[in-house]
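So the structure is just underneath, and the comments pick up after that.
Residue numbers count from 1 along this sequence. Values reported hereafter were calculated over all heavy atoms of this structure, with side chains retained and with hydrogens, waters and symmetry mates removed.
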Amino acid sequence: YRTIDPELNRSEALKFGVTEYPTIVFEAGDNNIQGVTNFTEQEFITGILVATGIQQKTIYFLTGHGEASITRDPMLLSVEDSGLDYAIEGMQRDNYFIIPLNLKQYGKIPKNAAVLIIAGPQKDMDEEEYAAVLQYIESGGKVIMMLDPSPPSRFNEILGLYGLGITTQRVADAVSNVAGNAQNPMLQKANGQFLTSESNNIADKVSVTFFPDAGHILSAPQEELDLRTHIVYSPMGISTPASWLTNDTSETSYSGNEIIGQFVIASVLEATGTYEDIRASHDLMKMVIFSDSDFVKNKYFYSNDNADLFLNSVNWLAEDYELISIRPKLIPYRELVVNSSERDFIKWSSWIIPP
């Protein structure tokens, strides 16, 4: 490395396109250069990848069914809470090329798709779209499937091919939730709610995430899945044992009639065949499944470790394992997220001790 004073060596600075300083420039060969002004490990890796000419991987996010998408106003630069803008910007910082994909227009998922993102569809696919998604999956596709409770039937059918599905009921957690709202379950590493597996390290360094309005990821009995060696299903995030499923969106306490248990909110699927197959029948596909799409939308993306969990999932599917969990917090939030017990402590202690 060498140090250049851009005032004393103006021509040299212009050669590398440096117009502000301090700047670190990565150079590979005669013409491959990339400047970095934000001195973080994340930006350094991106700079090295660009300078060395490593091709950007392309990630597509599905549109046309009411999915979360781009909402940024080009004039005001504002975004809507329901948009996917911050998630897209996060993937771009990881050196991915992001493209919206409307299957009505393209008819199929391009072969260069490193990952396909499906974020909270509200309307169903038609037969041709369903066939295109299925063809991509069976040819070894990588998918992030974020489906809200009671998703459109054909999206749920894709999971059903592998013995999975999203419930119509919502998960309520009496112990680990946001500000006493049981239907905003919170996953905390300290509670043992993140499960590790040999095949992925997505959530290894994730401490706290929450999922507003999450469902439960159903799966076939584990003994049945164990008989199908071509399917590896790994729950990744679960609620606490003090959880239940409810159809009432306004219900925040257990009434005594609901199903109690630990419910899966995030999971990983790897398969070379469907649940009905006796043995492998297609290329290895990988899928990260969430029973909620709100956690990745603009309103909640930078809350706690929501961004890390999503971007780590993208990195894992795209096989960029070195990028997992190294990103800094780009927006400093000053929020306090508490569970119901902590909320009650703050509430009642403030009667005696000034806040």
Checklist entry - L218 versus L164: any side-chain heavy-atom pair under 4.5 Å? => result no

Item to check | Spacing of L159 atom CG and I217 atom CD1 [to the nearest 0.5 Å] | outcome: 8.0 Å

Item to check | H65 and its side-chain hydrogen bond (donor to acceptor under 3.5 Å, both in side chains) partner, picked from K123, K104, Q122, E129 | outcome: E129

Next on the checklist: Do the side chains of R170 and D213 get close enough for a salt bridge, i.e. N-O under 4.0 angstrom?
Outcome noted: yes

Item to check | R2 with E12: basic N within carboxylate O range, under 4.0 Å | outcome: yes

Next on the checklist: I need the full list of ring-ring contact (aromatic ring centres under 6.0 Å, His included) pairs touching residues 101-154, with sequence neighbours left out, sorted by first then second residue.
Outcome noted: none

Checklist entry - With a 4.5 Å heavy-atom cut-off, do F301 and N306 have their side chains touching? => result no

Checklist entry - Between F295 and F290, is the ring centre distance below 6.0 Å? => result yes

Checklist entry - What heavy-atom pair brings I70 and I88 nearest, and what distance separates the two atoms? => result CG1-CD1, 3.5 Å

Item to check | Neighbour count above 12 (heavy atom, 6.0 Å) for E223 CD | outcome: yes

Next on the checklist: Which residue is it: V288, I202, V296, N304? I am looking for the one with a side chain to side chain contact (heavy atoms under 4.5 Å, CB included) to L309.
Outcome noted: I202

Checklist entry - Can you find a heavy atom in the side chain of W316 that is under 4.5 Å from one in the side chain of K142? => result no

Item to check | Spacing of Y233 atom OH and L269 atom CG [to the nearest 0.5 Å] | outcome: 8.5 Å

Checklist entry - When you look at CD of E127, are more than 12 heavy atoms from neighbouring residues, nucleotides or ligands closer to it than 6.0 Å? => result no

What side-chain donor-acceptor pairs closer than 3.5 Å can you find for residues 148-156, not counting sequence neighbours?
residue: D148; atom: OD1; partner: S293; partner atom: N; Å: 2.9
residue: D148; atom: OD1; partner: S293; partner atom: OG; Å: 3.1
residue: D148; atom: OD2; partner: S293; partner atom: OG; Å: 2.9
residue: S153; atom: OG; partner: D124; partner atom: OD2; Å: 2.6
residue: R154; atom: NH1; partner: M125; partner atom: O; Å: 2.7
residue: N156; atom: OD1; partner: I166; partner atom: N; Å: 2.9
residue: N156; atom: ND2; partner: I166; partner atom: O; Å: 3.3

Item to check | Spatial distance of atom CG (N200) from atom OG (S267) [nearest 0.5 Å] | outcome: 10.0 Å

Next on the checklist: Would the distance check show the side chain of S243 and the main-chain N or O of S239 forming a donor-acceptor pair, the cut-off being under 3.5 Å?
Outcome noted: no

Next on the checklist: Within the structure provided, determine whether F211 and M186 are in side-chain contact (heavy-atom separation under 4.5 Å).
Outcome noted: no

List the atom pairs, with distances to 0.1 Å, where a side-chain N or O of residues 280-287 and a protein N or O form a donor-acceptor pair under 3.5 Å, not counting sequence neighbours.
residue: S281; atom: OG; partner: D277; partner atom: OD2; Å: 2.5
residue: H282; atom: NE2; partner: Y162; partner atom: OH; Å: 3.0
residue: H282; atom: NE2; partner: G273; partner atom: N; Å: 3.4

Next on the checklist: Distance check, rounded to the nearest 0.5 Å: T71 atom OG1 versus E80 atom CD?
Outcome noted: 5.0 Å

Next on the checklist: Under the criterion side chain to side chain contact (heavy atoms under 4.5 Å, CB included), I'd like the reasoning laid out for V206 against K189: C-alpha separation, chi angles, the key distance, then a yes or no.
Outcome noted: CA-CA 7 Å; V206 175; K189 188 174 184 177; over 6 Å; no

Item to check | Sidechain N-carboxylate O distance under 4.0 Å for D294, K297 | outcome: yes

Checklist entry - Would you say the side chain of S291 lies within less than 4.5 Å of the side chain of T167, judging by non-hydrogen atoms? => result no

Item to check | Residue Q135 excluded, over 12 heavy atoms near CD under 6.0 Å | outcome: no

Checklist entry - Is there a donor-acceptor pair closer than 3.5 Å between any side-chain N or O of Q183 and the backbone N or O of D248? => result yes

Checklist entry - Do Q193 and S176 have side-chain atoms, one donor and one acceptor, less than 3.5 Å apart? => result yes

Checklist entry - Any idea which heavy atoms bring V143 and L317 closest together, and the distance? => result O-CD1, 3.5 Å

Next on the checklist: In terms of relative ring orientation, are H216 and F263 parallel, tilted or perpendicular, with 30° and 60° separating the classes?
Outcome noted: perpendicular

